[in-house]
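Counting starts at 1 for both ligands and their atoms, in listed order. Basis for what follows: all heavy atoms, side chains included, without hydrogens, waters or symmetry-related copies.
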Amino acid sequence: CSSSGSAESDKLIMATNAEFPPFESKSGDGFVGIDIDIMNAVAKKLGKELVVEDMEFDSIIPAITSGKADVGAAGITVTDERKEEVNFSDPYANAIQVIIVREDSTNNGDLTGLKVGVQQGTTGDTFVDWGNFGEVASLERYSKGFEAVQALAQGKIDAVVIDNEPAKVFVEENEGLKILESGSISEEYALALSKNNDALLADINKAIQELKDSGELQQIIDKYIAE
Ligand code: ARG
């Protein structure tokens, strides 16, 4: 449909990093995943057209604060640090940070002295940096989580710290890796919005609540995550 002449507010611009299956990944010319489906359902309820903007993960919050995008939807964990920059919607999913190692590793969750890979700017990055997994020998930051996992499979690093669901997908896609559940750090995912847009935040929270009440949110999650 033509958008010429229509107000900018007919569109809902979603900032994401489509390197995080099953929440968002590229598919052909488009995008698929839990966040994409949720945001399509939210946009529909708001009577807006969803526009997906793919970018580096650590560019998402700047895109929101600068007004280039309306909503960050990227499996974004709610943290106190991020709350200083953006407003978060009500949470829509839970996650934990896990450690991926090679199958022959006897590691039991202490990454002291190891070379550890993360996706730049993620909570995995922060927690390893803070020493939550021990004092690592080096912290290797990749622009994509998948690149960190490939480096691990190739023996360039010893472990990767990443969210549990993408971990499962990446381990399936690479031979010889296994997941250690750290179990210690649980997180909630929410949508990130500008602090100057309370009306949109209220509309989005209402839409999320409706998707929860109708069972649609769970259906979207079940479509991508088989237990
Ligand atoms: N949950 C983690 C965080 O908020 C990782 C999210 C990464 N998401 C992505 N689309 N690459 O930092």
Using a strict cut-off of under 4.0 Å between a residue heavy atom and any atom of ligand 1, list the qualifying protein residues by chain and number.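 Contacting ligand 1 under 4.0 Å are Asn17, Phe20, Glu24, Phe57, Ala74, Gly75, Ile76, Thr77, Arg82, Gln119, Thr122, Thr123, Asp163, Glu187, Tyr189.
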
Over 12 foreign heavy atoms within 6.0 Å of CD, Glu175: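 Atom CD in Glu175 is not packed in, count stays at 12 or less.
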
In terms of heavy-atom contacts, does NZ of Lys115 have more than 12 from other residues, nucleotides or ligands at under 6.0 Å?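 No.
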
Do the side chain of Asp198 and the main chain of Leu201 share a donor and acceptor less than 3.5 angstrom apart?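 Not confirmed, Asp198 side chain does not pair with Leu201 backbone.
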
Please confirm whether the backbone N or O of Asp54 pairs with a side-chain atom of Lys26, one donor and one acceptor, at under 3.5 Å?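 No, because the side chain of Lys26 does not come within donor-acceptor range (under 3.5 Å) of the backbone of Asp54.
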
For a ring-ring contact (aromatic ring centres under 6.0 Å, His included) with Phe23, tell me which candidate from Tyr189, Tyr224, Phe57 qualifies.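 Looking at Tyr189, Tyr224, Phe57, the match for Phe23 under the ring-ring contact (aromatic ring centres under 6.0 Å, His included) is Tyr189.
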
Same cluster (ILVMFWY, side-chain, under 4.5 Å), Ile221 and Met39: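 Linked within one cluster.
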
